[in-house]
Number of protein chains: 2
Amino acid sequence: MATRTATQLRAEERDRYDAYLAACPARKLLDRISDKWVSLLLTALAGGPQRYSELSRTIAGVSQKMLTQTLRGLERDGLVTRTVTAAVPVRVDYALTPLGASLLPVMTAIKAWAETNIEAVERAQRAYDQAGA
Amino acid sequence: MATRTATQLRAEERDRYDAYLAACPARKLLDRISDKWVSLLLTALAGGPQRYSELSRTIAGVSQKMLTQTLRGLERDGLVTRTVTAAVPVRVDYALTPLGASLLPVMTAIKAWAETNIEAVERAQRAYDQAGA
DNA sequence: CAGGATCCAGTATGATACTG
DNA sequence: CAGTATCATACTGGATCCTG
């Protein structure tokens, strides 16, 4: 128990530091909503409620795991609701809450920015790669 | 070589499918700008150019690697510029391009949404966790 | 239909040490 | 000061099988 002094101190500082970061919930929330699947899911629900299977088809490329996981997270954050209808094959609908709807414009704006500026970005990339080579 | 029919067909479909997704650059761009460090860096540069070390202090918690990596990506995408000033200790300034500035309002909006609605989200989380327990 | 559980590969990220 | 290079790893995300 003597081979650690500076290293341990640094680790302790890091822990305290991480704790501080964890104490800043806004940054964590920012990280959570800065997620590909989140933006795609929220915009997918913009047109109204959708079933699980509809979403998986709309998003196209999302795995069961990511779809379920992201939906659970959004439900927990109060951004979407999950409604189960008992039937022969179970039916589950997801819909935006008012809180989720309030985030929608921003998500739409990001998506729109990406679609609008993709060409400019690609031009910049080509120029950058040219200069580098 | 007869133990695969449905499995192989599914794999082939998936490959074709993934190729299609890769061909959609807007989704890739959306994923790239939906990054924690990107939003933090762009908003950090909102007030004007900053040096590398200033940024690392402003962002607080970012590692050298992530900082450099994210800056390089943003530079390649044409969102920020990198200006090297030859001096005794080298000086490097980063600044937003017009393209980067055009993304700034959206990034600011996300950050603001997170800060505004963090409490509502936390309430929702507590309610969700209560119900689950 | 709508998941839950599990296994596994790839990537993202951090810590550390070294350099012009 | 402003990185680069390397190593180690934690976490993401996909594939697969199983269930109410």
Side-chain angles (χ1 to χ4, degrees), chain A residues 4 6-15 17-18 21-22 27-28 31-32 34-38 40-41 49-75 80-94 132, chain B residues 3-4 6-15 17-18 21-22 27-28 31-32 34-38 40-41 49-75 80-95 132:
Chain A
R4 50 207 166 116
T7 304
Q8 181 136 64
L9 284 177
R10 232 175 303 142
E12 284 172 10
E13 266 180 44
R14 175 177 52 75
D15 288 346
Y17 177 64
D18 279 356
L21 272 193
R27 184 168 292 191
K28 290 180 69 179
D31 196 23
R32 213 142 7 103
S34 292
D35 181 73
K36 174 168 72 173
W37 301 126
V38 168
L40 290 174
L41 263 179
Q50 285 203 46
R51 301 180 60 173
Y52 183 88
S53 51
E54 287 176 327
L55 285 173
S56 82
R57 251 172 285 121
T58 303
I59 307 295
V62 67
S63 65
Q64 272 193 347
K65 181 179 179 178
M66 281 303 98
L67 183 55
T68 301
Q69 187 173 302
T70 307
L71 283 169
R72 284 292 181 282
L74 290 176
E75 189 193 356
V80 305
T81 57
R82 177 173 178 272
T83 310
V84 182
T85 307
V88 178
V90 191
R91 177 198 177 96
V92 179
D93 287 275
Y94 291 91
Chain B
T3 46
R4 45 196 169 133
T7 304
Q8 181 137 60
L9 283 178
R10 233 176 300 141
E12 286 171 10
E13 267 180 45
R14 175 178 52 76
D15 288 347
Y17 176 66
D18 279 355
L21 272 193
R27 184 170 291 193
K28 290 179 68 177
D31 196 22
R32 209 135 18 93
S34 292
D35 180 73
K36 173 170 68 176
W37 302 125
V38 168
L40 290 173
L41 263 178
Q50 285 205 46
R51 301 179 60 171
Y52 183 89
S53 50
E54 289 176 327
L55 285 173
S56 83
R57 248 171 287 119
T58 303
I59 307 296
V62 66
S63 65
Q64 272 192 343
K65 182 176 179 178
M66 278 305 96
L67 182 55
T68 301
Q69 187 173 304
T70 307
L71 283 170
R72 285 290 182 285
L74 291 175
E75 189 192 357
V80 306
T81 57
R82 177 173 179 272
T83 309
V84 182
T85 306
V88 179
V90 191
R91 178 199 177 95
V92 180
D93 287 276
Y94 291 90

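Quick note on labels: first sequence line is chain A, next is B, and so on, each numbered from 1.
Between the P atom of D:dC1 and the CD atom of B:E54 lies a distance of 11 Å, rounded to the nearest Å. Look at CD on A:E75: it is 15 Å from P on C:dA2, rounded to the nearest Å. Put simply, CZ on A:R57 is 11 Å from C1' on C:dC1, counting in whole angstrom units. What separates CG of A:D93 from C1' of C:dG3 is a distance of 15 Å, to the nearest Å. Going from atom CZ of B:R32 over to atom P of C:dA12 covers 12 Å, rounded to whole Å. At whole-Å resolution of the value, CG in A:L55 and C1' in C:dG3 are 14 Å apart. At whole-Å resolution of the value, NZ in B:K36 and P in C:dT11 are 20 Å apart.
Closest to the B:W37 side chain, of the nucleotides D:dG3, C:dA2, C:dT13, is C:dT13. With distances taken from any side-chain atom of A:R51 to the nucleotides C:dA2, C:dG20, D:dG3, the minimum falls on C:dA2.
In this structure, the side chains of B:T68 and B:Y52 come closer than 4.5 Å at one or more pairs of heavy atoms. Using a 4.5 Å cut-off on side-chain heavy atoms (C-beta onward), B:L41 and B:Y94 make no contact. Counting heavy atoms from C-beta outward, A:M66 and A:Q69 have side chains that approach closer than 4.5 Å.
Between A:Y94 and C:dC1 there is no side-chain polar atom (N or O) within less than 4.0 angstrom of OP1 or OP2. The side chain of A:R82 contributes no N or O atom lying less than 4.0 Å from OP1 or OP2 of C:dA2. In terms of phosphate contacts, A:S53 brings no side-chain nitrogen or oxygen within less than 4.0 Å of OP1 or OP2 of C:dC1.
Note that CZ of A:R72 is 4.5 Å distant from CZ of A:R82, once rounded to the nearest 0.5 Å. The structure places CG of B:D35 at 8.0 Å from CG of A:D31, a figure rounded to the nearest 0.5 Å.
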Could you tabulate the donor-acceptor pairs under 3.5 Å formed by side-chain atoms of residues 54-62 of chain B, not counting sequence neighbours?
unit_1: B:E54; atom_1: OE1; unit_2: B:R51; atom_2: N; d: 2.7
unit_1: B:S56; atom_1: OG; unit_2: B:S53; atom_2: O; d: 3.0
unit_1: B:T58; atom_1: OG1; unit_2: B:Q50; atom_2: OE1; d: 3.2
unit_1: B:T58; atom_1: OG1; unit_2: B:E54; atom_2: O; d: 2.8

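Closest approach of A:V38 and A:T70 over heavy atoms only: CG2-CG2, 3.9 Å.
Nucleic acid contact for A:V92: sugar-phosphate only, since backbone atoms but no base atoms lie under 4.0 Å from a heavy atom of the residue.
Near-neighbour residues of DNA chain C inside residues 63-72 of chain B, defined by a heavy atom below 4.0 Å, number-ordered: B:S63, B:Q64, B:K65, B:M66.
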